[in-house]
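Read the structure below first, then the notes.
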Amino acid sequence: MPAAVYIGDGAIEVRHIPIPALGAGDALVEISHCGICGTDLHLVLERYARPGSVLGHEWSGTIVALGADATGWELGARVVLDPTPGCGHCRACLRGRPSVCLRREPPDLLDFSRGAFCRFKVAPAARLLRVPAALSTRAAALTEPTAIALHSVNLAGVSPDDRVLVTGGGPVGLLTTAVLRSRGVREIVVSEPAPARRERALAVGATAVIAPDELPRAPMGRPVSSPFTVAFECSGHAAAAESALDQLDYAGTFVFVGTGSAPPRVNHNRVIVMEQTLIGAYNYDAAGFRPALELLSSGALPLDRLIEPVDIGLDEVLTTMHRLAAGELPGKVMVAPEAPA
Ligand SMILES: [Zn+2]
Ligand SMILES: [Zn+2]
């Protein structure tokens with residue numbers, strides 16, 4: 001099957017690799033769509049990925065074969081893969097954070113050897129979730145990043161009367177904004193340097209947008225004149241995180257969502273005297289992907305503005321990654337790997 005394979009040195013090539021073997025409890029899924037994630041950009045453009053990796057983890061597809069023990073499914077079923085559940089009993093799981101379950105092997109953060117920028121993927125049938133009838137298979141590829149956005153919003157305990165700042169208007173910031181809007185948050189300001197992304201942020205639910213250099217510096221030990229009660233840092237840039245912390249009110253909550261290579265400087269004195277809470281949001285809630293599938297199929301999210309209108313083929317993955325990194329494409333780009341056989 002054709003696959004977009006990372007070959008090292010920041011390069012991707014379409015190569016033919018074997019279709020993975022089907023175990024007794026597995027389903028063979030033909031990938032319909034797979035979104036390009038910020039993680040994929042870091043792995044390729046910053047050259048962390050291992051040569052030979054096939055990236056892409058935000059996928060949806062259709063079952064085309066079933067192992068002998070894979071029950072409860074039929075060929076043609078439209079599916080996404082639920083994340084591995086936590087043990088349910090450790091300290092992390094009991095606090096609703098199965099992403100960091102303590103009874104799990106520490107994750108290999110560079111293991112992206114079996115992603116979905118390819119035509120077929122094998123998955124345990126017991127962990128597949130059916131895509132609701134009201135949701136297209138294409139839009140179902142937004143399930144994983146939507147689950148990420150739900151997790152960060154839930155961890156922050158946002159309520160409708162919060163005044164929320166989102167820094168970074170790329171796909172993660174846009175989804176976070178749309179999820180906040182679906183929760184009835186009345187004031188959502190998105191800070192983003194690229195005009196096209198600012199415009200898209202307004203289209204997906206931001207109530208105002210601002211260029212990062214318009215955000216004020218904070219006076220010592222006191223809030224800015226219009227502070228925020230919650231901030232989601234979705235850009236991964238140190239300067240954005242530092243500025244977002246400056247905008248936070250007394251007892252405000254700051255959530256790190258976007259990863260980046262240079263760490264921000266945190267003024268601990270400010271965090272102390274203003275009693276602020278800093279949270280890291282890594283993956284998903286204990287409920288897995290079901291709430292994300294429900295939200296996506298509810299019609300509450302502007303799917304056509306969260307997803308870029310033109311899907312790309314496997315041969316366009318690398319050039320598109322460069323365009324995403326340059327901020328040219330505001331929404332989620334979907335790879336459609338259906339092959340010329
Ligand atoms: Zn992702
Ligand atoms: Zn656990």
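Numbering of residues begins at 1 and proceeds along the displayed sequence. These numbers come from the heavy atoms of this one structure, side chains and all, not from hydrogens, waters or symmetry mates. When a ligand or atom number is given, it counts from 1 through the structure's own listing order.
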Problem set entry | Residue pair Asp161, Arg186: steps toward the salt bridge (charged side-chain N to carboxylate O under 4.0 Å, His left out) verdict | CA-CA 6 Å; Asp161 57 355; Arg186 288 185 287 273; 5.2 Å; no
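- The Zn ion (ligand 1) sits nearest to atom OE2 when only the N, O or S atoms of Glu58 are considered.
- In this structure, the side chain of Arg78 engages the main chain of Pro132 through a donor-acceptor pair within 3.5 Å.
- The existence of a salt bridge linking Asp249 and Arg163 is excluded, since no basic side-chain nitrogen approaches an acidic carboxylate oxygen closer than 4.0 Å.
- Checking Thr62 against Glu30 by side-chain atom types alone, no donor-acceptor pair falls below 3.5 Å.
- For Glu328, the CD atom sits in a packed shell: over 12 heavy atoms of surrounding residues, nucleotides or ligands are nearer than 6.0 Å.
- Salt-bridge formation is detected for the pair Glu58/Lys332: a Lys NZ or Arg NE/NH1/NH2 atom is positioned less than 4.0 Å from an Asp or Glu carboxylate oxygen.
- Protein N/O/S atoms found under 2.8 Å from the Zn ion (ligand 2), listed by chain and residue number: Cys87 SG, Cys90 SG, Cys93 SG, Cys101 SG.
- Environment of CD in Glu74: crowded, with over 12 heavy atoms of neighbouring residues, nucleotides or ligands closer than 6.0 Å.
- When distances from the Zn ion (ligand 1) to the N, O or S atoms of His57 are compared, NE2 comes out shortest.
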